[in-house]
Each structure stands twice: as C-alpha cells, then as structure tokens.
There are 2 protein chains.
Amino acid sequence: MAEPLDPEMFDPVCPSSAMPIQIGDKWTAMVVICLESGPRRFTELRVPLRGITPKVLTQTLRAMERDGLVTRTAYDENPPRVEYELTDLGRTLLTLIDAARAWSRDHLPALLEARERHETTPRPALLRAGEPSRPGTAASTHLHRQ
Amino acid sequence: MAEPLDPEMFDPVCPSSAMPIQIGDKWTAMVVICLESGPRRFTELRVPLRGITPKVLTQTLRAMERDGLVTRTAYDENPPRVEYELTDLGRTLLTLIDAARAWSRDHLPALLEARERHETTPRPALLRAGEPSRPGTAASTHLHRQ
DNA sequence: CCGTATCCTAAGTGATACTG
DNA sequence: CAGTATCACTTAGGATACGG
C-alpha cells in the first residue's frame, strides 16, 4: 500500500513539529483572540475568559511573555494599570487560529454527531470473533473474514 | 482604544470555538499525519510515535474513532491484523495540521530564541516600583512613569 | 487593580507486566 | 499482533484567601 513510516518522522524532543504546543493549552489561543483588537488590561481579559482565575491568567500571560508572544507594560499609577499587547510574533498566530476556527465552524458539527452516534450505539462489535459482523450498522469498527 | 470585549465571546461549554480540542492532545495530530499515506496497523503506528505505550495509543485511537476521525477494521486472521484509516472527516484535519506545521517552521525558532533570552535574563524588573526602569534591556516587561 | 500563596483535584501520560 | 490491567507520576487547572 505505502512505504513504511519513517521512524524519525517526529522530533522526540519537540513534538510541536506536528502542532505548536504553546497554543495547545486551554487559554492561550483565546488570549490571542482577545488581544487582536489592541492592548488590554488584566481585568479586561478576565471578562470574556469567564471563569479563569487570576492565578491561571497570570500563568498564561507569563508563559506567553516568556515566549515572546505578548509584552507587558506596567504604568506607575494609582490604582495600578497593566496592559498586555500582542507582539509581531504573537500576531502571526492569528492566521493559524483563524484556520482552526474555520475548521471548527465547518466540521465540528459532524464530529459531535459522530460522537453522539457512538454513545447511543450499545456496543460496536469490538473484535468479538464469535458474533456476526452486522455490516449494516453505522459503527466505525468493522470485522472482515477471510 | 477599542470597544470592550464581548463577555460572551467564547462558548463556555465548548472553548473549541477558539481551537478544536480533539487535536490539542499530544498524539492525535501525529496519528493523523501517520495515516495520511494510507491505512496503517497498530504496530506500524508505534514506530514513528517513538515511546508511545500501547495503552496510550489505544486510548488515542479509540477517541479518534469515537469522533469519526478514523475507522478501525479488524481482519479475522492469525496472527490478528487491525488497520486504522482516516475518514473523510479526519482527512479534513490535514490542511489545519499543515498550517500549524508551517507556523512552526516559520516562527518556532523566534519563539525559542525569545524563551532562551528570557531565561538568561536575571530578572526583568517586575513592577517593583522602587527601582529604576532600565529602558535599555531586552526584557518584555516595561515600566512607564507618569 | 493586579496580582501571590496555598491547597487541591482530575486528567493525561508513562512503565511494566500479562493475555487472546 | 493487538491489545488489557495495574500502578505511579506529573502537571494543568481550579478554589479560596490574602497582599502591595
């Protein structure tokens, strides 16, 4: 059918050769989207990220700052004011995130439908060799006999 | 500067409105890439995914099957043979993954450089109001005085 | 306002051994 | 070959309270 797979296809040190890890966590992509329209303050970011605790938001922003995705600017005022802004590097993530959102818009319904179909199906005949193969079902697991 | 952020910007139930979660885990994207060239057997997949344990590969494939991304076909032979193949839905992930890999190729070096610069910097003057602002450093945190 | 400090849970991942 | 069964471990994430 095809050649054998390359054993060194993926970098064992950095699997992000397949997907950049720094946007793989729960919040980073959403923070990038929130900063698309300009610099935002800490509390301002907490509004759309409903439920995020200050600790987790701080963690996320610190990691993004470390990776050169955002800058942090503290104004010496009272009460204090801090603004976060996308760097040029951080802004390059926007096209990638847009692509992901487009995928979700176009294909997530099909995925969720498949998931629901899978849950409602009692059992999809998982390699149980004594049973008939029931080729008419919508199960994603198939049995082939020689 | 900009309008206030929409508090309902993200779906609290499904944050994948920002990034589809099913490719956010460690292995799914790599499995999709491995299956791009055609159906593969369980052991065949373990080769490029160096270090993956059978338990984790099974978990990953079961979840992908549940979500309609792959099909599982068991042949009633001895020794047993099972093949996994991308569905049409799973194949749509390829363009998204390619975009992510292109981003990594183009921008990951800059990110890693920023990270290293951040580690070698002793301390980036974090809002410590008594100290001078040192505007010449490459730190991503800035201090502004009125 | 913008965080830190603790404590905690749940999930993802991994090592090892065993089975149809 | 293609898994399952345990056990252990790490970390992201969250709850709550407090501090400059």
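Each chain gets a letter, A, B and so on, in the order the sequences are listed, and its residues count up from 1.
In the model, B:Asp98 has no side-chain atom that pairs as donor or acceptor with a side-chain atom of B:Thr95 under 3.5 Å.
Checking the phosphate oxygens (OP1, OP2) of D:dC1, no side-chain nitrogen or oxygen of B:Arg46 falls inside 4.0 Å. For the pair B:Arg41 and D:dG3, the criterion of a side-chain N or O lying under 4.0 Å from OP1 or OP2 is not met. Between B:Arg40 and the phosphate of D:dC1, there is no side-chain N or O to OP1/OP2 separation shorter than 4.0 Å. Between B:Arg72 and the phosphate of D:dA2, there is no side-chain N or O to OP1/OP2 separation shorter than 4.0 Å.
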Protein-nucleotides 10-13 of chain C N/O pairs closer than 3.5 Å?
from   : atom 1 : to      : atom 2 : distance (Å)
C:dT13 : OP1    : B:Lys26 : N      : 3.0
C:dT13 : O4     : B:Lys55 : NZ     : 3.2

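Distance, B:Phe42 CZ to C:dG20 C1': 15 Å, rounded to whole Å. Nucleotide C:dC1 holds its P atom 17 Å from the CG atom of A:Leu61, rounded to whole Å. Taking atom CG of B:Asp76 as the reference point, atom C1' of C:dG20 lies 12 Å away to the nearest angstrom. The distance between atom CG of A:Leu57 and atom P of D:dG14, rounded to the nearest whole Å, is 11 Å. Atoms CD (B:Glu65) and P (D:dA2) sit 15 Å apart, rounded to a whole Å. A:Ile52 places its CD1 atom 14 Å from the P atom of D:dA12, with the value rounded to the nearest Å. Rounded to whole angstrom, the span from the OH atom of B:Tyr75 across to the C1' atom of C:dG20 amounts to 20 Å. As rounded to whole Å, 13 Å separates atom C1' of D:dA2 from atom CD of B:Glu83.
Overall, the helix from C:dC1-D:dG20 to C:dG20-D:dC1 carries an axis bend of 50° between its ends, with five pairs at each end and the value rounded to 10°.
Remark: B:Thr87 pairs with B:Thr71, B:Leu89 by the side-chain contact (heavy atoms from CB on, under 4.5 Å) rule, at least two apart or across chains. Considering only residues two or more places apart in sequence or on other chains, A:Trp103 meets the ring pair (Phe, Tyr, Trp, His ring centres under 6.0 Å) condition with A:His107. For B:Pro54, the side-chain contact (heavy atoms from CB on, under 4.5 Å) criterion is met by B:Phe42, B:Arg46, not counting sequence neighbours. Every residue meeting the salt bridge (charged side-chain N to carboxylate O under 4.0 Å, His left out) condition with B:Arg81, not counting sequence neighbours, appears here in chain and number order: B:Glu77, B:Glu83. Listed by chain and residue number, B:Leu94 satisfy the side-chain contact (heavy atoms from CB on, under 4.5 Å) test with B:Glu36 (two or more places apart in sequence, or in another chain). Checked against salt bridge (charged side-chain N to carboxylate O under 4.0 Å, His left out), A:Glu113 has no partners two or more places apart in sequence or in another chain. In this structure, the side-chain contact (heavy atoms from CB on, under 4.5 Å) partners of B:Asp6, at least two apart in sequence or on a different chain, are B:Glu8, B:Met9.
Nearest nucleotide to the side chain of B:Arg81, out of D:dA2, C:dG14, C:dG3: D:dA2.
Looking only at distances, no side-chain donor or acceptor of B:Gln59 sits under 3.5 Å from a matching main-chain atom of B:Val56.
In this structure, A:Pro79 and A:Thr58 both approach DNA chain C, and ranking their closest nucleotides by distance from the 5' end singles out A:Pro79.
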